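Data first, discussion second: the structure below is written as structure tokens.
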2 protein chains.
Amino acid sequence: MADHSLPEQIAAELRRDILRGKLVPGSPVKERDTALELGVSRTPMREAIRMLAQEGLVVLRPARSPLVADPPFDEVVDQLIVLQALEKLSGDLACKNATDADIAHIVDIAERMEATFYTADRLDSFETDMEFHMAIARASRNRALAETHHAYLARLWRIRYLTSRRRKNRAVVLEQHAKILDALRRRDRQALDGALEDHTGHLADDMRQLFELEET
Amino acid sequence: MADHSLPEQIAAELRRDILRGKLVPGSPVKERDTALELGVSRTPMREAIRMLAQEGLVVLRPARSPLVADPPFDEVVDQLIVLQALEKLSGDLACKNATDADIAHIVDIAERMEATFYTADRLDSFETDMEFHMAIARASRNRALAETHHAYLARLWRIRYLTSRRRKNRAVVLEQHAKILDALRRRDRQALDGALEDHTGHLADDMRQLFELEET
DNA sequence: ATTCGCAATCTGGTATACCAAAAGAGGTTG
DNA sequence: CAACCTCTTTTGGTATACCAGATTGCGAAT
């Protein structure tokens, strides 16, 4: 248990429950009950809840139980817009600052993803996809950027996960990744910018469809 | 005391002490002692320290006292790069989405700042400057963006505060703000982009000078 | 004199007890 | 029958007590 601190473990546990849908969006997360359930005291539970609030997975209310977040479409779009800007900045900086080893690492992830995309568990392949994007952010060699980018990926985790199920043509994703990789290899900032914009744009389209279906 | 919660008040108190230099970068912030000093218990003090850690004003160490942050130049530059990207995105979106009331509010802040810039307490006028930039971010009508932008402003608070002392010509700031306002009024995205880039760029120059002086 | 080791103590992490505010249930009254 | 008031219960906020790991300083042994 030296890995992570107790609050982090609790946060990870709750995060999984939220993303997997065990904790329904809009339902309260009472610190007493939840702490008892997990066999910890309220203090680390409190801290874990604050972490998730910071990530946007729960919303705090003054003097009330925190709620599992259930962001309306507009808010998710807002977050996606920021994510897109962060990815484009990452790409731009990566073209300038990435080492060859950085790029090789990204290629490696992409190849792994391509090889297992149709056979792997959806959750696994989804995590590989996250790794891919995080590796690009890290290749910017800007720690603050990588951290903020990671926070947004985490925040959009659930909704991206849900859209990945609905996506008819998974090949499109692989193709987009290939384009991103190609531009990055050539360190072609403009091409990379376009490829990343395209990638996020498709995600926005998928999200819109998902929300429209949910309306019913 | 309905304004803010106790942890927020404590955080504000500590933040002022850090920014004013009462708490020296690199020195420990012991939660017991500090809590006793402020007449509160450790629980809200803990939370306040976590807030400041999140803002980057203190750094947490496992099983050790938190330290007042003292980030190296490179890290601050990284953060400034992200802040610049967020400001440019804010400006871009604000040109599209800001209401006339939003812009009027920004004008209001700018005028207040201009009127008191030379007479007001430096920390106060600095807070007005922050309000100005935050108002622009909020005018983007993108909550996520405004929040992340705010976090970066807070993170760069100290270093910006220090540079504001060194800046020979405060009039430059007012002039830049005027340019930003003008472009925003005309909803001229390109001009606003340039003005914001210029503003942040100057800040980077000032920062560089500050760090070079500190080296000695 | 130097180094190794042990113990006192300092510090953050965790559990728990207490408090005040707010929500909900139930009864009373118009 | 409905609306309102009150009392109980629930819940987060705060204070405090306890614990375990780490640091440090002193002392003993080489």
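Model, not experiment: these values are computed from the prediction. Sequence lines set the chain letters: A, B, ... in the order given, protein chains first and strands last, and positions in each chain run from 1.
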Separation of [N] [atom2] from [X] [atom1] (nearest whole Å):
X	N	atom1	atom2	value
B/Glu37	C/dT11	CD	P	13 Å
B/Ile49	C/dG13	CD1	C1'	13 Å
B/Leu36	D/dT14	CG	C1'	16 Å
A/Ile10	C/dG13	CD1	P	13 Å
B/Met45	C/dT11	CE	P	14 Å
B/Glu8	D/dG13	CD	P	11 Å

What protein N or O atoms touch nucleotides 15-17 of chain D N or O atoms at under 3.5 angstrom, if any, and at what distances?
residue	atom	partner	partner atom	Å
D/dA15	OP2	B/Ser41	N	2.9
D/dA15	OP2	B/Ser41	OG	2.9
D/dA15	N7	B/Thr43	OG1	2.8
D/dT16	O4	B/Thr43	OG1	3.4

Taking only residues two or more places apart in sequence or in another chain, which ones pass salt bridge (charged side-chain N to carboxylate O under 4.0 Å, His left out) with [X]?
X	value
A/Glu127	none
A/Glu55	A/Arg15
A/Lys88	A/Asp193, A/Glu197

Please enumerate all protein N or O atoms sitting under 3.5 Å from an N or O of nucleotides 6-11 of chain D, with distances to 0.1 Å.
residue	atom	partner	partner atom	Å
D/dT11	OP1	A/Lys30	NZ	2.8
D/dT11	O3'	A/Ser65	OG	3.0

Exercise. Does B/Arg50 make a side-chain N or O approach to OP1 or OP2 of C/dG13 shorter than 4.0 Å?
Worked result: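 For C/dG13, OP1 or OP2 has a side-chain N or O of B/Arg50 closer than 4.0 Å.
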
Problem set entry | A/Arg112 atom CZ: more than 12 heavy-atom contacts under 6.0 Å |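 It does: A/Arg112 CZ has more than 12 such atoms within range.
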
Exercise. For residues 45-82 of chain A, which residue pairs qualify under ring pair (Phe, Tyr, Trp, His ring centres under 6.0 Å), counting only residues two or more places apart or in two chains?
Worked result: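 Listed by first then second residue: A/Phe73-A/Phe211.
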
Problem set entry | Residue pair B/His133, B/His150: steps toward the ring pair (Phe, Tyr, Trp, His ring centres under 6.0 Å) verdict | CA-CA 9 Å; B/His133 287 276; B/His150 176 67; over 10 Å; no

For this session: Please figure out whether A/Pro62 or A/Glu47 has its closest DNA chain C nucleotide nearer the 5' end.
Result: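 First, find each residue's nearest nucleotide; the 5'-ward one identifies A/Glu47.
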
Problem set entry | Electrostatic pair B/Asp100:B/Arg187 at N-O distance under 4.0 angstrom |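 Between B/Arg187 and B/Asp100 there is a salt bridge, with a charged N closer than 4.0 Å to a carboxylate O.
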
Exercise. If you measure from the Lys or Arg side-chain nitrogens to the Asp or Glu carboxylate oxygens, is any gap between B/Arg155 and A/Glu147 under 4.0 Å?
Worked result: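 Yes, charged N to carboxylate O under 4.0 Å.
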
Exercise. If you measure from CD1 on A/Ile81 to CG on B/Leu89, what distance do you get to the nearest 0.5 Å?
Worked result: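 Output value for this atom pair is 7.5 Å.
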
